[in-house]
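These numbers were taken from a predicted model, which means no experiment stands behind them. Naming convention: chains lettered A, B, ... in sequence-line order (proteins, then strands); numbering from 1 in each chain.
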Protein chains: 2
Amino acid sequence: MFQPVSPIRAYERVVDQIEQAVFTGRLRPGARLPSERDLMTQFGVSRSTIREALRVLQSNGMIQSRAGDPRGPEILAASPENLHKSMRRLARTSMSLGELLQFRMLLEGSAYLLAARLRSADELAEMDVALAAMAAAVDEGYSAFSDADVAFHEAVARATQNTLIVVCSDVVREVVVDLIADRIAHAADQRALMLSYLRHHTEVLQAIRDGDGELASQLARRALHDSYAPYLPETEREMLSPLLG
Amino acid sequence: MFQPVSPIRAYERVVDQIEQAVFTGRLRPGARLPSERDLMTQFGVSRSTIREALRVLQSNGMIQSRAGDPRGPEILAASPENLHKSMRRLARTSMSLGELLQFRMLLEGSAYLLAARLRSADELAEMDVALAAMAAAVDEGYSAFSDADVAFHEAVARATQNTLIVVCSDVVREVVVDLIADRIAHAADQRALMLSYLRHHTEVLQAIRDGDGELASQLARRALHDSYAPYLPETEREMLSPLLG
DNA sequence: TGGCATTTGTACGTATGTATC
DNA sequence: AGATACATACGTACAAATGCC
């Protein structure tokens with residue numbers, strides 16, 4: 001009959017009101033919040049309460065306040081940084097490698113499909129540069145090779161022009177690579193591994209250059225599967241097979 | 001030659017240290033932090049600084065502190081809530097409807113593909129229930145229909161067993177629906193719209209029942225495209241076509 | 001350029017309601 | 001039921017940083 005009541009803290013009410021103002025567009029990026037002292041009188045709470053609210057908003061990337069700035073805290077535009085952080089935390093702490101690979105295959109599969117069709121000449125040139133860097137890095141060791149590899153994947157993701165594809169791909173790739181980094185570090189033949197990756201990337205880039213999205217997508221998914229499935233426990237491998245088609 | 005210096009606040013150093021302890025697993029979910037008074041002596045900062053740090057950690061979903069609890073703030077397991085919030089903010093404020101639809105098509109396309117292959121009998125039953133609720137809601141109005149629609153999509157997403165698919169689908173669907181809610185509210189014939197959606201969902205559910213992932217995926221992508229592309233400006237329509245194959 | 005007024009950052013003290021034993 | 005320790009919230013004070021004149 002009655003709802004359990006959970007006390008709403010003073011600072012939460014402050015956060016909520018300011019968040020609402022931002023969401024509804026009443027406060028636009030670049031605008032300034034009143035000073036902390038003004039806010040305490042407007043909200044009728046103490047300065048510590050205001051400060052706790054501002055810290056929360058700041059950690060959510062919604063405002064930025066600098067010591068001594070008489071213009072007050074600034075409203076910031078939404079940035080992918082916060083999304084990146086929270087997705088990484090969830091991915092790292094409560095997802096299996098199989099789930100991550102599954103998500104990465106579906107994401108990159110579609111990213112390569114889109115990139116092959118929508119890429120500009122400049123974006124294709126970026127991929128060429130990254131691939132050349134990978135080839136050059138084979139003799140410099142896995143760390144340099146991996147950096148070039150990241151640049152290649154980022155160039156493809158950016159070519160889709162889709163913010164969520166860029167951010168999600170970035171996070172998932174990072175976490176997957178983290179999870180198996182030590183196994184690669186102890187791999188018997190790192191050079192053979194790098195050459196294999198290089199061949200995969202060369203093929204898929206050719207498909208992108210040709211505008212063959214279906215081929216690029218399939219090559220990318222298969223390369224991901226073949227490269228990482230061996231690190232999976234048996235029971236998790238079948239969850240990837242539907243994405244190979 | 002020189003790096004720009006940005007002063008690191010006291011509360012940030014506190015947050016960083018506690019975050020590190022959580023990430024490295026030194027503090028596991030369910031564990032307790034020392035009381036605020038203990039933390040001030042351990043970190044050598046004032047109470048307000050500790051409290052600002054705890055507020056930030058709490059807003060990030062990493063801890064929960066309750067007044068009067070002598071066991072101290074509790075370390076929480078990572079939850080999708082924070083990811084949901086930050087993704088929604090980015091999607092709402094800095095992505096076009098075209099980008100969102102593109103992402104939704106690739107996500108749901110893969111989700112239906114996976115669901116058709118991996119679903120359990122229980123999960124299929126959930127979809128049946130949701131579809132029946134949609135059919136029943138046609139006469140109750142668009143709001144009830146939309147609720148049942150959400151339940152259907154959530155059942156499909158959950159059947160993939162992939163946390164990121166569930167969360168991302170949920171966010172993107174919500175934002176897309178928000179963006180065109182008013183246009184649907186003023187649609188000439190809401191009933192025809194609902195019947196059309198109902199037919200799409202019936203077809204795709206049959207494909208899932210048959211285990212035909214490719215068909216389910218294609219139907220889902222085409223239904224999304226046909227339902228929402230009319231709301232797009234001309235220039236944004238071609239970015240969706242690669243995903244129709 | 002330097003100095004001033006204002007703002008934020010931090011510290012400390014105190015009162016009050018609350019959860020646990 | 002009482003004792004204890006806790007978080008919440010308020011207020012004051014001072015140092016450091018900033019913008020502006």
* Asked: Would you say C/dT7 has OP1 or OP2 under 4.0 Å from some side-chain N or O of A/Arg71?
  -> no
* To do: Would you tell me if any nitrogen or oxygen in the side chain of A/Arg51 comes within less than 4.0 Å of OP1 or OP2 on C/dG9?
  => yes
* To do: Would you verify whether the NZ or CZ of B/Arg13 falls within 45 degrees of the ring axis of B/Phe43 while also being under 6.0 Å from that six-membered ring's centre?
  => no
* Derivation of the salt bridge (Lys or Arg N to Asp or Glu O under 4.0 Å) call for A/Glu108 and A/Arg104 -> CA-CA 6 Å; A/Glu108 296 212 350; A/Arg104 191 174 169 196; 3.3 Å; yes
* Could you say whether A/Met40 or B/Arg9 is positioned toward the 5' end of DNA chain D, judged by the nucleotide with the nearest heavy atom to each? => A/Met40
* Could you give the CD-to-P distance, from B/Gln58 to D/dA7, as a whole number of Å? -> 11 Å
* Asked: Is B/Ser48 side chain donor-acceptor paired with the C/dA11 base, going by distance under 3.5 Å alone?
  -> yes
* Does B/Ser46 have a side-chain nitrogen or oxygen under 4.0 Å from the phosphate oxygens OP1 or OP2 of C/dA11? -> yes
* **d(CZ, A/Arg47; P, D/dA13) in whole Å** => 13 Å
* Structure fact -> To the nearest angstrom, the CZ-P distance between B/Phe43 and C/dT10 comes to 14 Å
* Separation of D/dG11 C1' from A/Ile50 CD1 (nearest whole Å) -> 14 Å
* Asked: According to a strict under-4.0 Å criterion, is B/Arg66 in side-chain N/O contact with OP1 or OP2 of D/dA7?
  -> no
* To do: Output, in order, the C-alpha distance, side-chain angles, deciding distance and verdict of salt bridge (Lys or Arg N to Asp or Glu O under 4.0 Å) for B/Arg158 and B/Glu126.
  => CA-CA 10 Å; B/Arg158 267 201 312 275; B/Glu126 274 185 64; 2.4 Å; yes
* Asked: Once you round it to whole Å, what is the distance between P of D/dA7 and CG of B/Leu33?
  -> 10 Å
* Asked: So does A/Gln42 have more than 12 non-hydrogen atoms from other groups sitting under 6.0 Å from CD?
  -> yes
* To do: Send over the distance from B/Glu36 CD to C/dA11 P, rounded to a whole Å.
  => 14 Å
* To do: Report yes or no: do A/His153 and A/Asp170 form a side-chain donor-acceptor pair below 3.5 Å?
  => no
* Asked: Nearest-Å distance, CD1 (A/Ile8) to C1' (D/dT8)?
  -> 15 Å
* Structure fact -> The answer to which of B/Glu52 and A/Asp69 contacts DNA chain C further toward the 5' end, by nearest nucleotide, is A/Asp69
* Asked: Hey, is the side chain of B/Arg55 poking within less than 4.0 Å of OP1 or OP2 on D/dT8, counting only N and O atoms?
  -> yes
* **B/Ser35 side-chain N/O to D/dA5 phosphate OP1/OP2 under 4.0 Å** => no
* Asked: To the nearest Å, how far apart are A/Glu12 CD and D/dA9 C1'?
  -> 14 Å
* So which nucleotide from D/dC6, D/dA17, C/dA11 ends up closest to the side chain of A/Ala67? -> D/dA17
